[in-house]
Amino acid sequence: MRNSNKKTTVIVLVIVLTFVGIIAYYKMAKTRLVDKDNYIAFREQLVSKSKDFKSNADLQKFIESETTKDKVLFITDEHGNIIITKTASDVTAPATVVVADYNYKTANTDADTLATLHEVSTSKTTGGSVIAIFLNNDNNEHSGAKNINNSYIPANSNVIYVSSGKKLYISNTSFASGMSDISIPYANESRTQNTGIKVKITGIKTDSPSSYISQQPDVFDVFSTIVSKYKNKSVSYQVADIKVGNNGNMYPNSLEFTILLDSYNLEDTKEYFDGQVEKFMKANKKYFPEAKMSYSVITDESKLPDTVISQKTIDYLITYLYIDKNSNYRFGDEDKIPAKYSKGDVYATNTMEELYVDGDTMHLKMNTTGVTDAYRDQIMKDNESAASLAGIEINTYDMFSAYSNKSHKLSSDLSTIYSNANDKALQTIAVPLDKDQKFTTMSILKGIQEKANITHFNLNDDDQDAGIKVANTILNYINSYIESGLLKF
């Protein structure tokens with residue numbers, strides 16, 4: 001009798017599992033809208049070709065070529081934005097606008113983001129109108145987003161901004177951002193020293209400013225530390241040929257300069273610079289293993305420059321770098337912490353990005369972000385105070401307000417559909433609703449279209465299928481509206 005009961009139980013269990021499997025298969029077949037082969041082909045082609053890109057125009061041509069291969073019409077506006085528009089099959093559904101930035105300097109790491117947008121833009125949909133926009137983001141200066149015609153972001157449209165990073169999440173917030181230009185009087189003077197020490201830092205991977213600035217190699221701190229050593233010892237010195245690897249509104253990727261001394265001041269040179277190299281390599285071994293620092297001593301005067309940067313210019317620069325720093329700022333016990341933030345969360349960042357000479361002025365450019373406009377403004381005022389103490393001028397520009405989407409409907413819908421459309425095992429896959437601790441393109445887009453409903457879908461760089469699942473989610477979202485305006489899921 002017991003054996004009979006056991007057999008019956010096994011049979012019922014098999015039937016149930018088979019039934020569940022059939023439902024799961026049917027469900028996945030119905031919601032699997034991504035052409036995975038097409039997605040992977042685009043991503044792999046982009047990764048392969050990215051190392052040969054010399055400009056954003058090269059990446060633009062790649063995206064245009066791949067879109068043409070899929071027989072999809074597009075336009076490219078005068079600002080380099082590539083726009084694909086698909087008319088609505090359901091006129092009652094709101095427009096869905098899906099956007100991503102393209103920047104050739106981060107094309108490799110952005111491959112899944114761009115493949116996601118490519119798949120959305122070239123797939124057939126049956127819901128409301130779809131507008132897919134590859135925003136020109138050369139040097140992370142957002143020239144495309146700043147100049148996009150607002151007709152491409154209709155009022156009341158649902159805007160999904162896609163990017164990638166260290167984890168998968170959906171965000172309804174974006175930091176405020178602002179730029180500062182510190183102007184330093186610049187002049188040259190004759191070289192008086194007979195020995196040079198040439199310092200080089202190379203191999204730093206550039207990226208957009210974020211709360212991870214503390215992990216980034218700080219070339220300005222290296223320069224300031226070395227020059228200050230001789231300044232503080234009252235040793236006669238000069239500086240020549242400063243070259244920072246500028247990348248616009250991104251982290252610098254290199255540094256080169258020559259500090260000149262009299263030969264009798266070289267007593268501890270090898271020990272000191274060996275120590276600086278070791279310190280730099282050790283600090284950056286984990287996150288930037290390809291970053292290298294080196295130095296060479298030049299005793300042949302014929303190989304030294306005849307002119308150097310004036311001491312007055314260097315004094316201005318070193319004074320400012322002593323007062324102001326690259327940093328992220330975190331909430332502490334004594335801070336008035338906004339709702340949904342906690343002690344230890346980043347509330348602002350301050351990033352030195354570019355150093356270059358234009359005529360009789362040396363420019364130091366900085367990016368400052370804050371969780372609210374007030375926090376950004378607080379740090380920018382500190383920068384102004386530092387400039388005032390150093391006796392130099394500072395101007396601000398490109399001010400964008402923080403963004404917060406009070407309605408969580410779009411993000412909630414996307415999270416629900418992500419689970420339903422991608423879950424092979426009928427288990428709940430939750431996409432966490434998180435907050436961006438950085439400035440994103442959402443802030444700019446809100447300024448372009450006040451009535452847009454905007455959210456941010458961030459891919460996990462470590463998940464090879466992240467973009468496929470997010471593309472599938474967006475396609476299912478577009479197809480999910482019915483005349484009542486409710487979701488089918």
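These values consider heavy atoms only, across backbone and side chains, with no hydrogens, waters or symmetry-generated copies. The residues of the chain are indexed from 1 along the displayed sequence.
- With respect to the salt-bridge test (charged N to carboxylate O, under 4.0 angstrom), the residues Asp218 and Lys325 do not qualify.
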Check the pair Asn137 / Asn140 against side-chain hydrogen bond (donor to acceptor under 3.5 Å, both in side chains), numbers first and verdict last.
-> CA-CA 5 Å; Asn137 193 26; Asn140 194 43; 3.1 Å; yes
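- Side-chain polar atoms of Asp181 and His363 form a donor-acceptor pair below 3.5 angstrom.
- Between His408 and Leu433, the closest side-chain pair of non-hydrogen atoms falls below 4.5 Å.
- A salt bridge is absent between Glu64 and Lys61; no separation between the charged side-chain nitrogens and carboxylate oxygens falls under 4.0 Å.
- Both the sub-6.0 Å distance and the 45° axial angle are satisfied by Lys166 relative to the ring of Tyr212.
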Pair Lys446-Ile454, side chain to side chain contact (heavy atoms under 4.5 Å, CB included): steps then yes or no = CA-CA 8 Å; Lys446 190 61 176 179; Ile454 311 172; 4.2 Å; yes
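- When each of Asn472, Thr122, Asp465, Asp112 is checked for a side-chain hydrogen bond (donor to acceptor under 3.5 Å, both in side chains) with Tyr39, only Asp112 meets the rule.
- With hydrogens and angles ignored, the 3.5 Å screen pairs no side-chain donor or acceptor of Arg330 with any backbone N or O of Ala348.
- Separation of atoms CZ (Phe134) and OG1 (Thr76) is listed at 10.5 Å; rounding is to 0.5 Å.
- Asn108 and Lys51 are not linked by any side-chain donor-acceptor pair at a separation below 3.5 angstrom, with hydrogens and angles left out of the test.
- Side chain to side chain, Ser163 and Asn458 meet the donor-acceptor criterion of an N or O pair below 3.5 Å.
- When only modelled atom types and interatomic distance are considered, Asn149 and Ser151 share a side-chain donor-acceptor pair under 3.5 Å.
- With values rounded to the nearest 0.5 angstrom, Phe280 atom CZ is found 10.5 Å from Asp221 atom CG.
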Pair Thr67-His118, side chain to side chain contact (heavy atoms under 4.5 Å, CB included): steps then yes or no | CA-CA 7 Å; Thr67 305; His118 174 76; 4.1 Å; yes
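- There is no side-chain donor-acceptor pair under 3.5 Å between Thr173 and Ser404.
- Applying the 6.0 Å contact sphere to CG of Leu73 captures no more than 12 heavy atoms from other residues, nucleotides or ligands.
- Between the side chains of Thr96 and Asn158, no donor-acceptor pair is found at a separation under 3.5 Å.
- No donor-acceptor distance shorter than 3.5 angstrom exists from the side chain of Thr113 to the backbone of Val162, with no hydrogens or angles considered.
- The shortest distance between side-chain heavy atoms of Gln276 and Thr225 falls below 4.5 Å.
- Remark: aromatic rings of Phe62 and Tyr102 are distant, center separation not under 6.0 Å.
- Using modelled atom types, one finds no donor on one side chain facing an acceptor on the other under 3.5 Å when comparing Ser157 with Gln449.
- In this structure, Lys435 is positioned above the aromatic face of Tyr341, its NZ or CZ under 6.0 Å from the six-membered ring centre and within 45° of the axis.
- Defined by atom type and a distance below 3.5 Å, a donor-acceptor pair is present between the side-chain atoms of Tyr161 and Asp101.
- A salt bridge links Asp413 with Lys409: at least one charged nitrogen is closer than 4.0 Å to a carboxylate oxygen.
- The minimum heavy-atom distance linking Asn328 with Ser211 is given by the pair ND2-O, 2.9 Å.
- Looking only at distances, no side-chain donor or acceptor of Asp358 sits under 3.5 Å from a matching main-chain atom of Thr361.
- For the pair Asp462 and Lys167, the salt-bridge criterion is not met [side-chain N within less than 4.0 Å of a carboxylate O].
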Kindly determine whether Ile148 and Ile83 satisfy side chain to side chain contact (heavy atoms under 4.5 Å, CB included), including the steps that lead there.
-> CA-CA 10 Å; Ile148 190 71; Ile83 304 153; 4.0 Å; yes
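- Panel note: side chain Asp434, backbone Tyr169; no donor-acceptor pair is recorded below 3.5 Å.
- Taking the six-membered ring where tryptophan is involved, the planes of Tyr418 and Phe457 are tilted, since the angle between them lies from 30° to 60°.
- Atom CE of Met362 and atom CD1 of Ile242 lie 4.5 Å apart (nearest 0.5 Å).
- Of the N and O atoms on the side chains of Asn422 and Thr473, at least one donor lies less than 3.5 Å from an acceptor on the other residue.
- Side chains of Asn172 and Tyr403: no donor on one and acceptor on the other come within 3.5 Å.
- Separation of atoms CG (Asn136) and CG (Leu59) is listed at 9.0 Å; rounding is to 0.5 Å.
- Nearest heavy atoms, Thr441 versus Ala145: CG2-CB, 3.8 Å.
- Ion pairing between Glu290 and Lys205 fails under the 4.0 Å rule for side-chain N and carboxylate O.
- Using a 4.5 Å cut-off on side-chain heavy atoms (C-beta onward), Lys198 and Ser296 make contact.
- No side-chain donor from either of Asn326 and Thr351 sits under 3.5 Å from a side-chain acceptor of the other.
- A donor-acceptor contact closer than 3.5 angstrom is absent between the side chains of Thr440 and Asp436.
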Would Glu66 and Lys69 count as a salt bridge (Lys or Arg N to Asp or Glu O under 4.0 Å) if you check the C-alpha gap in whole Å, the side-chain angles of each, and the deciding distance to 0.1 Å?
-> CA-CA 5 Å; Glu66 292 300 308; Lys69 284 180 186 177; 3.0 Å; yes
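- In plain terms, the two heavy atoms of Ser415 and Val431 that are nearest each other are OG-O, 3.6 Å.
- Between Phe331 and Tyr347, the angle of the ring planes lies from 30° to 60°, which puts this pair in the tilted group.
- The heavy-atom pair separating Ser121 from Val72 by the smallest distance is O-CG1, 3.8 Å.
- Counted by atom type alone, Asn383 and Asn350 present one or more donor-acceptor pairs between their side chains at under 3.5 Å.
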Step-by-step side chain to side chain contact (heavy atoms under 4.5 Å, CB included) determination, Asp324 to Met366 = CA-CA 11 Å; Asp324 212 354; Met366 300 183 65; 3.8 Å; yes
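- In this structure, Asp241 CG and Ile309 CD1 are separated by 7.5 Å, a value rounded to the nearest 0.5 Å.
- Results of the side-chain hydrogen bond (donor to acceptor under 3.5 Å, both in side chains) test with Lys105 over Asn139, Asn253, Asn56 single out Asn139 as the only residue that passes.
- The main-chain N or O of Thr109 is never found under 3.5 Å from a side-chain atom of Thr106 such that the two would form a donor-acceptor pair.
- The closest donor-acceptor contact from the side chain of Arg376 to the backbone of Phe400 lies under 3.5 Å.
- Atom-to-atom distance recorded for Asp207:CG and Gln215:CD is 11.0 Å, nearest 0.5 angstrom.
- One finds no salt bridge joining Lys49 and Asp58 here, because no Lys/Arg side-chain nitrogen approaches an Asp/Glu carboxylate oxygen to under 4.0 Å.
- Counting only distance, with no hydrogens or angles, the side chain of Ser123 and the backbone of Glu119 share a donor-acceptor pair below 3.5 Å.
- Pairing each heavy atom of Ser401 with each of Asp373, the nearest pair is OG-OD2, 2.8 Å.
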